[in-house]
There are 2 protein chains.
Amino acid sequence: MSRDNFVAKSTEGRLSSGHMADDDNQPRRRGLGGEKKPTINDVARLAGVSKKTVSRVINQSPFVKADTREKINAIIAEIGFSPDPQARGLAFRRSFLIGLVYDNPNPQYVVNMQLGMLDAMRGSGYELVVHPCNRGNPTFLTDFRRFIERQKLWGVVLTPSVSEDDRVKIILDEIGCGYIRIASVPVDEPAHIIVSNDRVGGRAAARHLAELGHTTIGFISGPGTFRSSHERRGGFEEELKDRKLKLTDDYIMQGAYTFETGISCGAELLKRTPRPTAIFAANDEMAAGVLHAIRRANLRCPEDVSVIGFDDFQIASSVWPPLTTVRTPTREIGRMAAEKLIGHGGEEGEDHSREAASATSPALVVRDSTGPAPR
Amino acid sequence: MSRDNFVAKSTEGRLSSGHMADDDNQPRRRGLGGEKKPTINDVARLAGVSKKTVSRVINQSPFVKADTREKINAIIAEIGFSPDPQARGLAFRRSFLIGLVYDNPNPQYVVNMQLGMLDAMRGSGYELVVHPCNRGNPTFLTDFRRFIERQKLWGVVLTPSVSEDDRVKIILDEIGCGYIRIASVPVDEPAHIIVSNDRVGGRAAARHLAELGHTTIGFISGPGTFRSSHERRGGFEEELKDRKLKLTDDYIMQGAYTFETGISCGAELLKRTPRPTAIFAANDEMAAGVLHAIRRANLRCPEDVSVIGFDDFQIASSVWPPLTTVRTPTREIGRMAAEKLIGHGGEEGEDHSREAASATSPALVVRDSTGPAPR
DNA sequence: CTGAAAGCGCTTACAG
DNA sequence: CTGAAAGCGCTTACAG
């Protein structure tokens, strides 16, 4: 019987890891080879203490005499001991893995978020496990719960729009897994959230266009499933209203945060009479699409139509003309989220209620796609 | 003494996980809460067999009677048992984590690679741990070794350019960790590599330009530290040569795979006399930069100058005009790599020498940035 | 084909 | 401030 044959026989999808092991004349699979690494027992023996005391040092318990601690730390450094995360995790009933659960398809958003989290995790002993998901999938919640329970994650960071799903929060609370939700508004207690304040960014976009003298302005919103869509639009409209400008329904299009919807919604807006002299697209992808629509209509940006985006991802500076946009500090947000999780990985019985809410603010970045309103 | 105080006292960066735990009147940190999950013991008891037999079923050993297996599987399904990866990992001396180690800064490349790996890992019980790195860092090799040893990874996927570093291979072999290297040429045994054949893509770009009648052609290469730079250029030059066209030194610029170097190298090439009627930039970022240089020089693309990129990332279709480019199936490559790793996670004592090399081929995607050579 | 014992490397619960 | 015993949930090594 070949090795590969019975691997395929599995009936239990959840369990079929595709590997095998048994006794009785089978080829042995060994763990990582080489000389065996030192364990807590080696440290204890060398230091002449019990392993429990070494454990206390590892876990930074205050109940160790200073010189005992120093001696143990010296030995740890000398023999290059590093506690096994799996053994620790098994005893702790909790892994040293931090998850990133996302459904935002933008690669730059995802990578920036990962980099930010890793900034905070570097040297901490935690590792980052990525877990894209799809809320449209009927098994989404079941899969999510299985993932969290099975891996016994230390904590998880959720980004929009999955972060906006309260059913996910409920599962996390039930299981007792730490979590941080990234959102444009405070949808949870301060201890569980990082707020990106997209509304402020919407206002900044409106202010910029108003100051350039634009009065006939178009807007392309994101999909209704993202809270940020409403915030960006809300801020934009508020600021215009404060300045006695208004956005009429004809000049509002609903996009889907994609390049293609930017083209189609942009083309539509350019047909309005009077033609808008400025268009605010709720993200950079769509703003890049608007640039294409402008070109296809034989118009110029910014001479005929100003365009402003949101996010300041790389596409914003790669297109022509480079986009004026509103920058969201994604990497910074990722760092804050992981820090918060590591700081208190959802321990129960502690009081986080007084914890300050973590928040960031978007900021306007002016480039070449916006100019004075044509007369 | 406050809880947060002594956390900061850590002297051992490697060990300071920032958490604490001890007995003696400290608040208890508990593992994931809720009702306790069923273990292998529960299954064994319910099935009236030993846990070892259940273990055999989990690991798909052939040495279990069919009806015993079925009975156990039924109980597993009924009570929703799922083996604990940490306990399994501890006993196996090996985790069920697969690492992605990369230093390519392109977000889309990174995300596509992750998605591809996850395609292969879905439902397998393995999880994906991401690990960006910087070969320029003096502690790079030490950090890398520590990461692999400490996490006892099942395997790791390496992408260019870190995949091209033989010192990394040596470490992996020493430790006995499974690995797959992504590279543009076969730099390792078939069992350890996925080849992207960039040379073929370079040839396709040259063929396309030659067929459009271009004879004065410029080239912008990537950085010498990427093997793909040489392959893309090599293929391009070979094909031109086969067609009796040649690339003179004046018409070759060295870029760094960045948008900015695309602008500067493009601007330089446009100053040549005669002016090139076509430019092949070795990736999309640089090709997008060339478009900017063309516009700044008051030239048109493709009427005056054709441009062709490489990768077919999203930027290629977002710029104006949409770029003709050479598509690399990154996600597919990621999937193949993870499959290969899961299929045989570096077990020793097995014969992988006859294993077929895994390879993919890039393909030309024609859009609007290339046209007939101007007369 | 199956099982009892020992062990993976840590931490908890308890005692001093 | 420190330690001996038991346990986390699995697999290995051995025996039958």
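Both backbone and side-chain heavy atoms feed into the values below; hydrogens, waters and symmetry mates do not.
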Next item on the list: Please identify each residue that fulfils salt bridge (Lys or Arg N to Asp or Glu O under 4.0 Å) with A:Lys169, with sequence neighbours left out.
Entry: A:Asp173, A:Asp188, A:Glu189

Margin query: Rounding to an integer number of Å, can you tell me how far B:Arg56 CZ sits from D:dC14 P?
Written below: 15 Å

Item checked: Nearest non-hydrogen partners of A:Lys340 and A:Ser358, listed with the distance -> NZ-OG, 2.8 Å

Notebook entry, point to check: Any donor-acceptor pair under 3.5 Å linking the side chain of A:Ser163 with the backbone of A:Ile182?
Noted result: yes

Checklist line | Nearest-nucleotide pick for B:Arg93, side chain only, options being C:dC8, D:dG3, C:dT11 | finding: C:dC8

Check: Atom CG of A:Asn59 and atom P of C:dG9: how far apart are they, to the nearest Å?
Finding: 17 Å

Checklist line | Nearest-Å distance for atom pair CD1/P, residues A:Ile58 and C:dT12 | finding: 12 Å

Checklist line | Pairwise 5' ranking along DNA chain C for B:Ala66 and B:Lys51, keeping only the more 5' one | finding: B:Ala66

Check: Does OP1 or OP2 of C:dC8 have a side-chain N or O of A:Thr39 closer than 4.0 Å?
Finding: no

Check: Has A:Asn41 got a side-chain N or O lying under 4.0 Å from the OP1 or OP2 atom of C:dC10?
Finding: no

Notebook entry, point to check: Are any side-chain N or O atoms of A:Ser95 and backbone N or O atoms of A:Lys152, one a donor and one an acceptor, separated by less than 3.5 Å?
Noted result: yes

Margin query: Quick check for you: among D:dC1, C:dT11, D:dC10, whose closest atom lies nearest to any side-chain atom of A:Phe63?
Written below: D:dC1

Next item on the list: Consider the side chain of A:Ala87, meaning its heavy atoms from C-beta on, and name the nucleotide among D:dA4, D:dC10, C:dG9 that approaches it most closely.
Entry: C:dG9

Notebook entry, point to check: Whole-Å distance between C:dG3 P and B:Ile40 CD1?
Noted result: 12 Å

Note to self: Can you tell me which nucleotide in C:dC10, C:dT2, C:dA13 comes closest to the side chain of A:Lys52?
What the structure shows: C:dA13

Check: Who is the Watson-Crick or G-U wobble partner of D:dA13, with both distances under 3.5 Å?
Finding: none

Item checked: Watson-Crick or G-U counterpart of D:dA4, or none if no pair lies under 3.5 Å -> none

Notebook entry, point to check: Between A:Asp67 (CG) and D:dT2 (P), how many Å, whole number?
Noted result: 8 Å

Next item on the list: Take atom NZ of A:Lys152 and atom C1' of D:dC10, then tell me their distance rounded to the nearest Å.
Entry: 10 Å

Next item on the list: In whole angstrom, give the distance that lies between atom CZ of A:Arg88 and atom P of D:dG9.
Entry: 18 Å

Notebook entry, point to check: Taking OP1 and OP2 of D:dA4, is either one under 4.0 Å from a side-chain nitrogen or oxygen of A:Ser50?
Noted result: no

Item checked: Nearest-angstrom distance from the residue atom CD of B:Gln151 to C1' of C:dC10 -> 15 Å

Checklist line | Test item: side-chain donor near acceptor, B:Gln151 and A:Gln86, under 3.5 Å | finding: no

Next item on the list: Just compare C:dT11, D:dT2, D:dA13 and give me whichever is closest to any side-chain atom of A:Ala91.
Entry: C:dT11

Margin query: By nearest heavy atom, map A:Leu90 and B:Thr53 onto DNA chain C; which one lands nearer the 5' end?
Written below: B:Thr53

